[in-house]
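Worksheet for the structure shown next.
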Amino acid sequence: MNGKTFIIENFGCQMNLADTSEVKKALSNNGYIERDDSPDIVILNSCAIRETAEERIYGRLRHYSVLKNKKPFTLVLMGCVAQKEKDNILKVNPSVDLVIGTHQKSRIPEILSDYLLKDQDTRSGTSIEEPAMQVFDRLGDYEFSTSVPSTRYPFKADITIIHGCNKYCSYCIVPYTRGTEMSQKSGEILNNVKDLVSQGVTEIQLLGQNVNSYGQDNNDIPFSELLYKLNETNGLKRIRFLTSHPKDFNSELIDVIQECDKVCKYIHLPLQSASDKVLDKMKREYTYEHYRSIISELKEKIPYIVLSTDILVGFPYESEEDFEKTLEAMKEIRYDSAYMFKYSVRRGTESANYSDLVDDAEKKRRLQLIIDTQHRITKEQNERDLGKTEKVLLESVSRNNPKQLLGKTDGNKPVVVEADKGMIGTYQTVQLDRLKGNTFHGTPL
Ligand code: SAH
Ligand code: SF4
Ligand code: F3S
């Protein structure tokens, strides 16, 4: 037992969250103790997707530099900013001790123990040299870790099935921070899921920047077959997956989603823009018509499908007319929810060299317009669901009332019900009675 204490602050996407859980588990297995109060090690798992995300990380690093001057600890930067900036971090914030890239995360316990040993030598006077900032940024030896039940919701688990991205959309930093696509072996995933179920997990979420590419890099089974096989796991109740790419989303996959009873009828399918000109500049490799045909087929085969998307406005060359196409598409498709962003230049990506930029005030105006439109549609879509009965997994005690529990439908919509704490982790059939904001209130039947 080494007894050193640590915290990890997490930023970014679901994949980062899954990485954070893995690192916590690995550190605990090596005798480290997670503790908020004056920890020996502070780890930031960072996101670089937009400038604001990256700025937030630098802000946190500044905050920790100040604390470090008062009482020393080891400051570790991991994740996408670490991979992107590498030893440039020294210029941004010299108080960072370790910079650990995305492919090196499974080595964190080993890297830390080496570092702490050197640090101890300095303090005890055995060595006069303070260890300099060390950077571990090698891409190429990515190792999948075994997925563990979520600490917060022990009946759920996230599993990264494919890491990295080969798409190189012109605006996106992810292929540079996560490297090329690497799929985990299907046999390992299936065994991992069986093991998770034996530990009490009933809902799994399969993660990847583009899950539809699963198995192509290592000649494994395609994603649709993986879903099919996972659906046969005894004891498993729900399968979710994120994110699908419209280019590789085919009819076969739609049929599998329809046929497999455990696969949630909820699809997150990023559109980004509905203008073919902008989609082409973004290098998304599909047209709006193609995207629309997937949505029509989904709605036709699975009438109660729940849909969400990502929209990116203010991309270079996006005219008012292009933007209106996106706005119209949102009204036509009627997503249940959407993640909406304004374009942020990422150095090193192809679109960083584009001219014909949309000015920031205009980007903001367009963003606000789609947010307002989507809020209205979300409200209407939810109102349409009132009176329905839904299968709800009860996940936690409601923050507003200790006698109520908060759960999620198959479509990932939040529902509050009156129920005892002992019911957490169970599935209930719930009638959706009323809405408070976007949260349903329902009666268990
Ligand atoms: N793999 C997923 C998306 C991952 S990033 C996909 O292909 O859809 C999540 C979202 O962040 C993207 O869908 C996009 O809408 C947004 N995003 C990515 N890069 C961005 C940038 N440079 N500026 C603003 N938003 C961006
Ligand atoms: Fe980024 Fe495009 Fe890959 Fe998604 S598919 S992670 S947007 S490069
Ligand atoms: Fe951010 Fe990296 Fe995820 S840039 S969105 S944490 S893949």
Side-chain angles (χ1 to χ4, degrees), residues 8-20 44-57 77-85 101-103 105 139 142 158 160-182 206-214 241-249 267-274 278-279 281-286 291 308-316 318 326 335 338-354 357-358 360 363-364 366-367 370-371 374:
I8 306 189
E9 270 190 40
N10 188 75
F11 300 85
C13 61
Q14 297 278 341
M15 206 168 278
N16 255 18
L17 207 58
D19 291 347
T20 290
L44 298 187
N45 193 5
S46 60
C47 172
I49 199 78
R50 283 166 287 275
E51 196 182 343
T52 44
E54 202 169 326
E55 282 306 326
R56 195 170 305 136
I57 302 299
L77 180 68
M78 65 175 282
C80 289
V81 176
Q83 189 64 51
K84 174 173 168 279
E85 290 303 319
T102 51
H103 284 205
K105 68 167 192 285
L139 283 178
Y142 187 80
D158 287 338
T160 302
I161 60 163
I162 174 166
H163 186 269
C165 185
N166 292 354
K167 291 272 184 240
Y168 288 90
C169 300
S170 62
Y171 51 82
C172 183
I173 198 71
V174 173
Y176 306 93
T177 64
R178 296 266 176 182
T180 50
E181 285 171 0
M182 266 177 245
L206 310 174
L207 299 175
Q209 291 303 341
N210 176 7
V211 289
N212 312 102
S213 302
Y214 175 80
F241 57 88
L242 276 178
T243 295
S244 302
H245 193 290
K247 178 173 181 265
D248 311 318
F249 205 95
I267 307 293
H268 179 68
L269 195 63
L271 168 66
Q272 313 300 359
S273 166
V278 174
L279 285 171
K281 296 272 181 207
M282 286 179 169
K283 297 213 145 167
R284 289 290 286 179
E285 298 183 63
Y286 53 83
Y291 184 95
S308 67
T309 196
D310 289 350
I311 303 283
L312 178 46
V313 297
F315 194 68
E318 184 190 68
T326 307
Y335 296 102
Y339 300 87
M340 295 160 279
F341 312 101
K342 66 183 173 77
Y343 172 63
S344 161
V345 181
R346 304 284 61 208
R347 194 166 28 87
T349 63
E350 197 174 327
S351 67
N353 304 320
Y354 285 2
L357 304 183
V358 177
D360 201 52
K363 280 196 234 173
K364 280 191 183 135
R366 291 181 190 175
L367 181 63
I370 58 159
I371 289 176
Q374 183 55 46

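Read the numbers this way: they start at 1 and go in the same order the structure lists the ligands and their atoms. Atom set for the values below is all heavy atoms of this structure, side chains included, hydrogens, waters and symmetry mates excluded.
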**OP:** Answer with side chain, backbone, both or neither: which part of P270 has a heavy atom less than 4.0 angstrom from an atom of ligand 2?
**Re:**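 No part of P270 comes within reach of ligand 2.
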Taking all atoms of both residues into account, what is the closest heavy-atom pair of [X] and [Y], and its distance?
| X | Y | answer |
| --- | --- | --- |
| R284 | H245 | O-CE1, 3.3 Å |
| Y343 | G314 | CB-O, 3.5 Å |
| R347 | A352 | CA-CB, 4.4 Å |
| C165 | P175 | O-CB, 3.5 Å |
| D360 | K342 | OD1-NZ, 3.1 Å |
| G101 | Q83 | CA-OE1, 3.0 Å |

Original post:
Side chain, backbone, both or neither: which part of M15 comes within less than 4.0 Å of ligand 3 when only heavy atoms are counted?
Top reply: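 For M15, no heavy atom sits under 4.0 Å from ligand 3.
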May I ask you to check whether [X] has an N/O atom sitting below 3.5 Å from an N/O atom of ligand 1?
| X | result |
| --- | --- |
| R50 | yes |
| D310 | yes |
| Q272 | yes |

Donor-acceptor pair, [X] side chain versus [Y] backbone, under 3.5 Å?
| X | Y | result |
| --- | --- | --- |
| D248 | S213 | no |
| Q209 | M15 | no |
| S46 | M78 | yes |
| Y286 | L271 | yes |
| N16 | F11 | yes |

Original post:
Does ligand 1 have a heavy atom under 4.0 Å from the side chain of I49, from its backbone, from both, or from neither?
Top reply: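 Answer for I49: both.
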**OP:** For ligand 1, indicate whether the residue R284 contacts it via side chain, backbone, both or neither (heavy-atom separation under 4.0 Å).
**Re:**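 The answer is the side chain of R284.
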With heavy atoms of [X] as the reference, note each atom of ligand 2 found under 4.0 Å away.
| X | answer |
| --- | --- |
| P175 | 8 (S) |
| Y168 | 8 (S) |
| H245 | 5 (S) |
| V174 | 6 (S) |

Original post:
Taking only heavy atoms of F341, which atoms of ligand 1 are found under 4.0 Å from at least one of them?
Top reply: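 In order of number, 10 (C), 11 (O), 15 (O), 16 (C), 25 (N).
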Original post:
Considering only heavy atoms of R346, which atoms of ligand 1 have at least one such atom less than 4.0 Å away?
Top reply: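 This gives 22 (N) as the contact atoms.
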Identify, for [atom], the protein heavy atom at the shortest distance, and state residue, atom and that distance.
| atom | answer |
| --- | --- |
| atom 2 (Fe) of ligand 3 | C80 SG, 2.2 Å |
| atom 1 (Fe) of ligand 2 | C172 SG, 2.3 Å |
| atom 8 (S) of ligand 2 | C169 N, 3.4 Å |
| atom 3 (Fe) of ligand 2 | C165 SG, 2.3 Å |
| atom 1 (Fe) of ligand 3 | C47 SG, 2.4 Å |
| atom 3 (C) of ligand 1 | Q209 OE1, 4.0 Å |
| atom 4 (S) of ligand 3 | A48 N, 3.3 Å |
| atom 6 (S) of ligand 2 | Q209 OE1, 3.6 Å |
| atom 8 (O) of ligand 1 | P270 CG, 3.0 Å |
| atom 7 (S) of ligand 2 | Y171 OH, 3.4 Å |
| atom 19 (N) of ligand 1 | Y171 CD1, 3.3 Å |
| atom 22 (N) of ligand 1 | S344 O, 2.8 Å |

Original post:
Under 3.5 Å, is there a donor-acceptor pair linking the side chains of K105 and Y142?
Top reply: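 Present: a donor and an acceptor within the cut-off.
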Original post:
Got a sec: does the CD of E51 have more than 12 other heavy atoms crowding it under 6.0 Å?
Top reply: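 Atom CD in E51 is not crowded, with 12 or fewer foreign heavy atoms closer than 6.0 Å.
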Is there a side-chain contact between [X] and [Y], using heavy atoms and a 4.5 Å cut-off?
| X | Y | result |
| --- | --- | --- |
| S170 | T349 | no |
| R346 | Y176 | no |
| H268 | S308 | yes |

Original post:
Has Q209 got any heavy atom lying under 4.0 angstrom from an atom of ligand 3?
Top reply: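 Distance cut 4.0 Å: Q209 passes for ligand 3.
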**OP:** Answer yes or no for L312: is there a heavy-atom contact with ligand 1 below 4.0 Å?
**Re:**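 Under 4.0 Å: yes for L312.
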Original post:
Non-hydrogen atoms of K342 versus ligand 1: any pair closer than 4.0 Å?
Top reply: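 Contact check K342 vs ligand 1: positive.
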Original post:
Q272 near ligand 2, heavy-atom distance under 4.0 Å?
Top reply: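 Checking ligand 2 against Q272, which is what was asked, there is no heavy-atom contact under 4.0 Å.
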Subject >> Test: K281 and E350 ion pair at under 4.0 Å >> reply: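 No.
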**OP:** Measure from NZ or CZ of R50 to the centre of the six-membered ring of F341 and say whether it is under 6.0 Å with the direction within 45° of the ring axis.
**Re:**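 R50 over F341 ring: yes.
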**OP:** Output the list of atoms in ligand 3 that are nearer than 4.0 Å to some heavy atom of N16, sorted by atom number.
**Re:**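 So the atoms of ligand 3 that pass are 6 (S).
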Subject >> Nearest candidate to atom 3 (Fe) of ligand 3, where distance is taken over non-hydrogen atoms, out of S46, C13, G12 >> reply: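 Of the listed residues, C13 has the closest heavy atom.
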